[in-house]
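Below is one structure, written out as structure tokens; the observations come after it.
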Amino acid sequence: MPKTRPPYSPEFRRQMVDLVRAGRSPEDLAREFEPTAQSIGAWAAAADKQEGRREEVTPGLSASERDELARLRRENKQLRLERDILSNQRGSRSACGLETGSIYSLDWR
């Protein structure tokens, strides 16, 4: 099995992010320190996003279009959830005895 190492400490990650922001490249830091350039770049991107320095940008969209897209995705998610809840309620007639006709004799067509 390959050797695994414990995760890098938050302080170490912060130092790598600070060095990237100071102008050092992740590749240069990877040669000098142990983590890969991809890891260092990901730490810097995550820190930028968390601190509001970077947004997830959808290419070709303006800010208002991105806002509308996010709103529509939230709305779509909510509608799917509501649809699933309603479809599960319709399918569970046997839970209240309606499917067997023990309570009511209704035509469910």
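This one's a predicted model, so the numbers in the text were calculated from it and none came from an experiment.
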Quiz item: Out of curiosity, L69 CG to S62 OG, how far, rounded to the nearest 0.5 Å?
Solution: 10.5 Å
Quiz item: Tell me, which pairs form a ring-ring contact (aromatic ring centres under 6.0 Å, His included) where one or both residues lie in residues 65-84, sequence neighbours left out?
Solution: none
Self-check item: With sequence neighbours excluded, residues passing side-chain hydrogen bond (donor to acceptor under 3.5 Å, both in side chains) with T36
Solution: S39
Quiz item: With sequence neighbours left out, what residues match Q38 under side-chain hydrogen bond (donor to acceptor under 3.5 Å, both in side chains)?
Solution: none
Quiz prompt | Least distance between heavy atoms, L19 atom then F33 atom | solution = CD1-CE1, 4.3 Å
With sequence neighbours excluded, residues passing side chain to side chain contact (heavy atoms under 4.5 Å, CB included) with [X]:
{"X": "E34", "value": "R5, Y8"}
{"X": "A37", "value": "P26, E27, A30"}
{"X": "Q15", "value": "F12"}

Practice problem: Return yes if some donor-acceptor pair links the side-chain N/O of N76 with the main-chain N/O of L72 below 3.5 Å, else return no. | Solution: no
Exercise. Would you list the pairs meeting salt bridge (Lys or Arg N to Asp or Glu O under 4.0 Å) in which at least one residue belongs to residues 74-83, sequence neighbours left out?
Key: R71-E75
Quiz prompt | Pairs meeting criterion salt bridge (Lys or Arg N to Asp or Glu O under 4.0 Å) with involvement of residues 9-26, two or more places apart | solution = R14-D18, R14-E51, R21-D48, R21-E51, R24-D28, R24-E32
Practice problem: List, by chain and then residue number, the residues other than I85 in its hydrophobic cluster (Ile/Leu/Val/Met/Phe/Trp/Tyr, side-chain heavy atoms under 4.5 Å); write none if there are no others. | Solution: L81
